[in-house]
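What you see is a predicted model, and the numbers here were worked out from it, not measured in a lab. Each chain gets a letter, A, B and so on, in the order the sequences are listed, and its residues count up from 1.
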Number of protein chains: 2
Amino acid sequence: MTAPETSTRRPTRQQVAVAEALDEHGDFTSAQDLHAVLRSQGNSVGLATVYRALQAMAADGEVDVLRTAEGEAVYRRCSSSHHHHLVCRNCGRTVEVEGPAVEKWATRVSAEHGFRDVTHQMEIFGVCMKCPTDD
Amino acid sequence: MTAPETSTRRPTRQQVAVAEALDEHGDFTSAQDLHAVLRSQGNSVGLATVYRALQAMAADGEVDVLRTAEGEAVYRRCSSSHHHHLVCRNCGRTVEVEGPAVEKWATRVSAEHGFRDVTHQMEIFGVCMKCPTDD
DNA sequence: GTCATTGCAAACGCTTTGCATCTGT
DNA sequence: ACAGATGCAAAGCGTTTGCAATGAC
């Protein structure tokens with residue numbers, strides 16, 4: 001057992017707001033995007049607070065974090081349906097794909113190396129069929 | 001074939017230096033790291049020039065680019081041996097792993113969606129066996 | 001009342017860019 | 001000589017942090 005329930009501290013309105021905004025979005029979002037959404041909802045929260053709330057949630061293992069190609073950090077609720085992205089590097093089209101094979105492989109190599117409490121991220125970049133062969 | 005040979009422009013000493021340093025490193029490196037290496041080799045190249053050279057190579061499709069969890073961009077020669085990383089989020093230890101299963105899965109889903117010329121990135125985060133159960 | 005959290009703004013690290021200089025052809 | 005590449009330093013962007021004010025318990 002890895003005692004994961006340290007999450008019993010989200011007392012403030014702001015942290016609840018961030019958590020719920022993230023929840024509603026459902027997929028990966030950036031801190032700045034969440035900040036803008038909250039502000040437009042009238043539920044104004046400082047940008048720094050959004051970052052801090054997201055960090056706290058990440059530390060608690062409540063959210064996954066990864067970086068976009070542009071260097072922006074994006075966050076997603078852990079319990080969200082887990083899928084990967086297939087991105088066309090020409091037109092930007094994105095397809096969400098699921099991969100039991102990948103999940104299993106990740107679990108296996110983690111176990112082989114004695115790692116526990118693992119998450120993973122994977123993205124595939126290519127050129128989709130609607131884009132011309134000659135760029 | 002996708003006519004990839006647009007790479008006929010690397011006339012200057014600095015661009016050659018960056019390309020070779022990247023070549024010698026063989027795995028993902030950051031621009032700043034390359035800059036430090038070049039400087040220590042006496043082959044001083046401006047940091048901005050390193051960035052520009054890497055951008056040019058990426059535009060030509062000669063290198064793959066991705067972002068570390070800390071937001072740093074890392075570059076790798078396309079032809080390099082391809083493996084993934086298993087990262088301990090507690091002590092930072094990194095294990096390089098190879099995964100035929102993942103490669104095949106990536107190829108398959110890409111094909112299923114009509115994508116071509118694909119690359120992928122994957123990283124697994126967990127806690128390694130040398131780190132205490134209770135953080 | 002006490003202590004953690006907020007918010008603002010300044011600091012920070014990585015990357016990009018403007019501009020004068022230099023290099024290769 | 002000219003076009004493009006270089007280097008420096010400043011700007012840019014997302015993120016983090018210091019500190020006084022605020023809010024929760």
*Asks:* Under 6.0 Å between ring centres, would you say that holds for A:H120 and B:H85?
*Replies:* no
*Asks:* Please tell me which of the listed nucleotides, D:dT6, D:dT15, C:dT6, lies nearest to the side chain of A:T12?
*Replies:* C:dT6
*Asks:* Less than 4.0 angstrom between a side-chain N/O of B:Q14 and OP1 or OP2 of D:dG7, yes or no?
*Replies:* yes
*Asks:* Given that B:A73 and A:G46 both sit by DNA chain C, which one's nearest nucleotide is further toward the 5' end?
*Replies:* A:G46
*Asks:* If I take atom CG in residue B:L34 and atom P in nucleotide C:dT15, what distance separates them, rounded to the nearest angstrom?
*Replies:* 11 Å
*Asks:* In this structure, how many angstroms lie between the P atom of C:dT15 and the CG atom of B:L47, rounded?
*Replies:* 8 Å
*Asks:* Once you apply a heavy-atom cut-off of 4.0 Å, does A:Q32 come out as touching a base, just sugar-phosphate, or nothing?
*Replies:* base
*Asks:* Side chain of B:T49, backbone of B:V45: donor and acceptor closer than 3.5 Å?
*Replies:* no
*Asks:* Just the rounded figure in Å: distance from P of D:dC13 to CZ of A:R67.
*Replies:* 17 Å
*Asks:* Side chain of A:P11: nearest nucleotide among C:dT15, D:dA24, D:dG7?
*Replies:* D:dA24
*Asks:* Between D:dG14 atom P and B:E72 atom CD, what is the distance in whole Å?
*Replies:* 18 Å
*Asks:* Provide, to the nearest angstrom, the distance between the CZ atom belonging to B:R39 and the C1' atom belonging to D:dT6.
*Replies:* 15 Å
*Asks:* Counting heavy atoms from C-beta on, name the nucleotide in C:dC14, C:dT6, D:dG14 closest to the side chain of B:Y51.
*Replies:* C:dC14
*Asks:* Tell me which nucleotide among C:dT15, C:dT17, D:dT17 gets nearest to the side chain of B:R52.
*Replies:* C:dT17
*Asks:* Under 3.5 Å, is there a donor on one side chain and an acceptor on the other for B:D27 and B:H83?
*Replies:* yes
*Asks:* Using a heavy-atom cut-off of under 4.0 Å over every strand shown, decide if A:T68 touches base, sugar-phosphate, or nothing.
*Replies:* nothing
*Asks:* Rounded to whole Å, please give me the gap between NE2 in A:H35 and C1' in D:dT16.
*Replies:* 15 Å
*Asks:* Considering only side-chain heavy atoms of A:A48, which listed nucleotide, C:dC8, C:dT16, D:dT15, is closest?
*Replies:* C:dC8
*Asks:* For A:Y75 and D:dG14, give me the distance from atom OH to atom P, rounded to whole Å.
*Replies:* 13 Å
*Asks:* What integer distance in Å separates B:N43:CG from D:dT6:C1'?
*Replies:* 13 Å
*Asks:* Just so I know, are the side chains of A:F28 and A:R77 near enough to count as touching, which here means a heavy-atom distance under 4.5 Å?
*Replies:* no
*Asks:* Hey, does the side chain of A:Q15 come within less than 4.0 Å of C:dA4's phosphate (OP1/OP2), counting only N and O?
*Replies:* no
*Asks:* So, the side chain of A:R76 versus the backbone of A:V65: is there a donor-acceptor pair under 3.5 Å, distance only?
*Replies:* no
